[in-house]
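We count ligands from 1, going down the list as the structure has it; atoms in each ligand are counted the same way.
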Amino acid sequence: MTIPQRPEADPARRAAVLTGLGTFLPPRAVSNEELSEHLDTSDEWIRTRTGIRRRYWADPGTATGDLAVEAGARALKSAGVTGADAVVLATTTPDHPCPATAPWVAARLELGPVAAYDVAAVCAGFVYALASATGLILSGVAERVLVIGAETYSGILDPTDRNTAVIFGDGAGAVVLEAGRADAPGALLGFDLGSDGSQADLIAVPGGGSRQRSGGNPPDPATSWFTMQGKKVFARAVAAMGGSSAAVLERVGWPRESVDRLVGHQANVRILHAVADRLGIDRERAVVNLDRVGNTSAASIPLALADAVADGGLRTGERVLLTAFGGGLAWGSAALVWPDVQPC
Ligand code: COA
């Protein structure tokens, strides 16, 4: 689905504008070498097949909501504001099956009785949450929205499964969106979102939901781990992120060669390069920070944006293409001109 927007038609039209960016990583870094001590893997395999060198895992007692509060507070500080009208939280690892984590985060941030809900689109969650928050602003429901991607995958990884345990990390990233004009730097100029539920089993936590309960079977702890058929997912990730990126570029009228920074979901450096190749964008323009944080699912894009700004790889005025893909299958892309925002 491509959400129709015509920024060129009316630069003064109402838009959602990114005005703040904040991130938080738990303190415990886990190296490839540490994982190799108890898994049949190696630093060399992980680095060459994924690009990952380390990831962060939350300490016992730290949940997704805790990381989200930290990133959310930093994003508000980055925007120079203390309040928001709504909180949209993308996560695959909510604090509880019920209720959503976002209202608790809003309360911890002392935002008052604001709208707050979770978005479940796995690794595409942050782009889905951005689109949802943009909708709140364009419809006049909210003037300012805090959008957070936060995950504690360490709690759903099977520590004996080398296919997944080496890939995912914990963390949180957040942005503030405010009502503004479409010609302001930071305005979200267009989105493309899509899904393919016929491939739902490629990335899944099989147990713990109504599908399992409807079978009348007792809960089975073995079905509560995250599973991924990596090889099949790889090809679909490249195709979906490539197609979705092309769709959003067409929507906003940007030639592919005009994209300064491709900020893709940090799943695998080989996927990021393949998407860049497919789009005809120089690989050097693809932002890569998964070497430092691993695949942080819904937190991945804001963490990549913050690292890119910090290391000089993303500058004010540059054209940024965001694209993500994950379980669902679900994918999404968005375009914006990078504003004068310093991450906190
Ligand atoms: N350490 C060492 N060997 C490993 C390993 C590990 N951690 N994980 C898998 N292997 C082995 C496999 O068992 C296989 O061995 P075999 O050839 O003897 O059967 C071999 O390495 C190749 O496995 P394969 O799964 O084909 O590897 P790959 O090159 O496809 O890389 C992923 C695996 C998961 C890194 C890669 O497929 C990937 O990134 N997939 C997409 C992930 C993604 O985009 N997810 C969506 C968003 S979260």
Side-chain angles (χ1 to χ4, degrees), residues 30-55 90-93 120-128 149-154 156-171 173 193-197 199-205 225-245 262-278 286 288-291 293-301 303-304 322-333:
V30 180
S31 67
N32 292 347
E33 288 81 1
E34 182 180 338
L35 293 176
S36 308
E37 285 168 15
H38 53 87
L39 267 178
D40 182 16
T41 188
S42 65
D43 172 54
E44 208 257 335
W45 191 95
I46 301 168
R47 261 190 302 106
T48 54
R49 302 310 294 166
T50 71
I52 298 167
R53 291 172 183 272
R54 68 162 188 258
R55 72 291 291 143
T91 188
T92 319
T93 50
V122 197
C123 297
F126 191 76
V127 176
Y128 269 71
E151 302 282 13
T152 47
Y153 261 67
S154 57
I156 59 169
L157 294 174
D158 176 351
T160 66
D161 180 6
R162 68 179 183 174
N163 292 304
T164 54
V166 304
I167 290 173
F168 292 90
D170 301 341
L193 304 176
S195 74
D196 178 6
Q199 306 293 311
D201 60 332
L202 294 185
I203 298 172
V205 175
W225 299 125
F226 178 88
T227 62
M228 179 170 77
Q229 297 181 43
K231 211 172 200 49
K232 289 184 180 167
V233 168
F234 193 106
R236 287 168 175 81
V238 174
M241 286 198 280
S244 178
S245 294
L262 172 63
V263 183
H265 166 53
Q266 303 286 307
N268 186 317
V269 70
R270 293 185 293 134
I271 293 177
L272 294 172
H273 286 163
V275 172
D277 292 350
R278 204 180 175 100
V288 179
N289 81 331
L290 57 85
D291 51 321
V293 298
N295 180 339
T296 56
S297 193
S300 151
I301 283 190
L303 285 170
L322 310 178
T323 187
F325 171 92
L329 303 172
W331 56 86
S333 303

Q. When rounded to the nearest 0.5 angstrom, what distance separates OG in Ser297 from CD1 in Ile167?
A.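 Reported value, rounded in 0.5 Å steps: 12.0 Å.
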Q.
Could you measure the distance from the CD1 atom of Ile46 to the CG atom of Asn32? Nearest 0.5 Å is fine.
A. 4.0 Å
**Q.** Arg55: which of Asp291, Leu35, Leu290 passes side-chain contact (heavy atoms from CB on, under 4.5 Å)
**A.**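 Single pass found, and it is Leu35.
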I need the nearest protein heavy-atom contact for [atom]: residue, atom name and distance, please.
atom: atom 29 (O) of ligand 1; result: Arg49 NH2, 2.7 Å
atom: atom 46 (C) of ligand 1; result: Val233 CG1, 3.4 Å
atom: atom 48 (S) of ligand 1; result: Cys123 SG, 3.0 Å
atom: atom 47 (C) of ligand 1; result: Phe325 O, 3.4 Å
atom: atom 30 (O) of ligand 1; result: Lys231 NZ, 3.7 Å
atom: atom 33 (C) of ligand 1; result: Trp45 CH2, 4.0 Å
atom: atom 39 (O) of ligand 1; result: Asn268 ND2, 2.7 Å
atom: atom 28 (P) of ligand 1; result: Arg270 NH2, 3.8 Å

Under 4.0 Å to a heavy atom of [X] - the qualifying atoms of ligand 1, by number:
X: Val166; result: 7 (N)
X: Ala267; result: 43 (C), 44 (O)
X: Ile271; result: 41 (C), 44 (O)
X: Asn295; result: 48 (S)
X: Asn163; result: 8 (N), 9 (C)
X: Gly230; result: 34 (C), 37 (O), 40 (N), 41 (C)
X: His265; result: 47 (C), 48 (S)

Check this for me - ligand 1, [X], N or O atoms closer than 3.5 angstrom, yes or no?
X: Arg162; result: yes
X: Thr41; result: yes
X: Thr50; result: no

Q.
Taking a cutoff of less than 4.0 Å between a non-hydrogen atom of the residue and any ligand atom, is Ile167 in contact with ligand 1?
A.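 Contact present.
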If you take all heavy atoms of [X] and [Y], which pair is closest and at what distance?
X: Ala90; Y: Ala298; result: O-CB, 3.5 Å
X: Asp158; Y: Ala165; result: O-CB, 3.8 Å
X: Ala330; Y: Ala124; result: O-CB, 3.5 Å

For [atom], is some protein heavy-atom partner under 4.0 Å away?
atom: atom 25 (O) of ligand 1; result: no
atom: atom 14 (C) of ligand 1; result: no
atom: atom 10 (N) of ligand 1; result: yes
atom: atom 19 (O) of ligand 1; result: no

Q) Would you call the rings of Tyr153 and Phe168 parallel, tilted or perpendicular if under 30° counts as parallel and over 60° as perpendicular? A)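 Parallel, since the angle between the ring planes stays under 30°.
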(Q) Less than 3.5 Å apart, any donor N or O on the side chain of Glu151 or Thr296 sitting next to an acceptor on the other? (A)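 Glu151 vs Thr296: no donor-acceptor pair found between side chains.
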(Q) Does any part of the side chain of Met241, heavy atoms only, come nearer than 4.5 Å to the side chain of Ile271, both counted from C-beta? (A)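 Ile271 vs Met241: side chains touch.
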With a 3.5 Å distance limit and no angle check, can you tell me whether [X] reaches the backbone of [Y] through a side-chain donor-acceptor pair?
X: Ser195; Y: Gly328; value: no
X: Thr91; Y: Ala150; value: yes
X: Gln199; Y: Leu329; value: no
X: Arg162; Y: Leu39; value: no

**Q.** Arg53 atom CZ, neighbour heavy-atom count above 12 within 6.0 Å
**A.** no
